[in-house]
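First up is the structure itself, then whatever we jot down about it.
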Amino acid sequence: MTTTRFAPSPTGYIHVGNLRTALMNYLIARKAGGTFILRIDDTDPERSKEEYVDAIKQDMEWLGLHWDRVERQSERLDRYAEAADKLRQMGRFYEAFETPTELDLKRKKQLNMGKPPVYDRAALNLSDAQKESLRAERGNGVWRFKLDHERIEWNDGILGDISIDAASVSDPVLIRGDGQVLYTIASVVDDTEMGVTDVVRGSDHVTNTATQIQIIKALGGHCPRFAHHSLLTGPQGEALSKRLGTLALRDLREQGVQPMALLSLMARLGSSDPVELRSDMAELIDGFDVARFGSAPTKFDVQDLFPLTAKHLQSLPLSDVKDAVAGAGVPADLAEPFWAMARENITTLSDLKGWWELCRDGAEPMIADEDSDFIAEAIALLPEGPFDGDTWAVWTQAVKEATGRKGKGLFMPLRKALTGMERGPEMATLLPLLQVIRARG
Ligand code: GLU
């Protein structure tokens, strides 16, 4: 059965980059009728925070990316220790004692000589006595996985055929000197034991995948299908990594971005299919195919979310937005006509308030000098209430006949006088609202 996971480290809020990973894994699982696991990668006790775990769950719920179960790496440390023992017994695990400064120096020397900065495996030559004295001097060493120097190959769901020379990769550290288990092995143990069949993640993980394939094989596990999506850049192609902090999902939510707008964009951005606003999750699932994504960096412009949000809001019935309408101050009995007027004229729900204020308080009229007589004449012709959907047509017809004005010269001054703006809602829907409310006030 298809099983996927989204595996954030709870060291911060999720941002648009993580969302791409979460969404792709979610859609693959749902499309196949499989299982979607939310896995919390919290083996780092210093950087992992419970508040981020809660925030990740809230953000996922806001988006409607429901998981089938939660797993936490911090509760599975014994499983990782067991796997580490297995690798030790197989002779695939060795202790190394270089300090970060020493490693840095080695890397610099290699680079100076034009060589790739790959760990030189010096620790493999240490005798037991040397290890003993290094341990006494520096504390426990790190544990590195000894890669087999052969080509590691897989068919990537997005990148196609990949072949990496293991000799060009440093033996990965899987356990730190202080005993902390690192993601590389924890993830392998989890993916294997949880029967994960498909792993989609960012292309910054490609080298990890190569080493993880060897670790999975060493432990006798079954390799999932891997797919690596391209990294997001800003609209100009600039690196987004530094700005991701400002592109947290909760900030986008604060700015009024609607989940469907965000999901619709992310499910298509960087693929050969056009971005289309989807109306619900079922449509997103239906229209998703990971193989349609390309390896080129994907440009992301936060501004693209707003037209999609506006379009999504336009499609909603009042029942979906009634809290927001009430929150803007609109009385329940006017909610229906108010929403019918406002929905076409908002970008986010926070714009409702302004339209409500216009209905309730009226606007500072915008009347050009040359229009002042015309407006006075028009106001005198306003029909008696109550106004309805036909009032605007009846009124403007009467004004037209009386003044001889027509087209833009007729409508625009009236709009500006009534709303203080050159653009806005259909006057036919707005006019009855203005009147009802004003009459009450
Ligand atoms: N915790 C890892 C990360 O956030 C998970 C990567 C993976 O999907 O394997 O980068």
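Whatever order the structure lists them in is the order used to number ligands and atoms, beginning at 1.
- Residues Lys106 and Asp104 are not paired through a salt bridge, judged by the lack of any N-O separation under 4.0 Å between the basic side chain and the carboxylate.
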>> Using the rule given for ring-ring contact (aromatic ring centres under 6.0 Å, His included), can you reason through Trp143 versus Phe93, listing the C-alpha separation, both sets of side-chain angles and the distance that settles it, and then say yes or no?
In response: CA-CA 6 Å; Trp143 287 86; Phe93 225 22; 5.5 Å; yes
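- By the 4.0 Å N-to-carboxylate-O rule, Asp289 lies too far from Arg292 to be salt-bridged with it.
- Among protein heavy atoms, the minimum distance from atom 10 (O) of ligand 1 is reached at His205 NE2, 2.9 Å.
- No salt bridge links Asp41 with Arg72; every basic N to acidic carboxylate O contact stays at or beyond 4.0 Å.
- Residue Arg39 places no N or O, backbone or side chain, under 3.5 Å from any N or O of ligand 1.
- Close approach of ligand 1 to Asp41 (heavy-atom distance below 4.0 Å) involves ligand atoms 1 (N), 2 (C), 5 (C).
- Of all protein heavy atoms, the one lying nearest to atom 4 (O) of ligand 1 is Ala7 O, 3.5 Å.
- Atom numbering of ligand 1 starts at 1 in the shown order; those under 4.0 Å from a heavy atom of Arg201 are 7 (C), 8 (O), 9 (O).
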> salt bridge (Lys or Arg N to Asp or Glu O under 4.0 Å) between Arg135 and Glu95: does it pass, once the steps are laid out?
Replying inline: CA-CA 10 Å; Arg135 218 174 275 130; Glu95 201 175 2; 2.5 Å; yes
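- Nearest non-hydrogen protein atom to atom 6 (C) of ligand 1 is Tyr183 OH, 3.3 Å.
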> Run the salt bridge (Lys or Arg N to Asp or Glu O under 4.0 Å) check on Lys299 and Asp304 step by step: do they pass?
Replying inline: CA-CA 11 Å; Lys299 287 185 181 154; Asp304 291 343; over 6 Å; no
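- The nearest protein atom to atom 8 (O) of ligand 1, hydrogens excluded, is given as Arg5 NH1, 2.7 Å; this is a heavy-atom distance.
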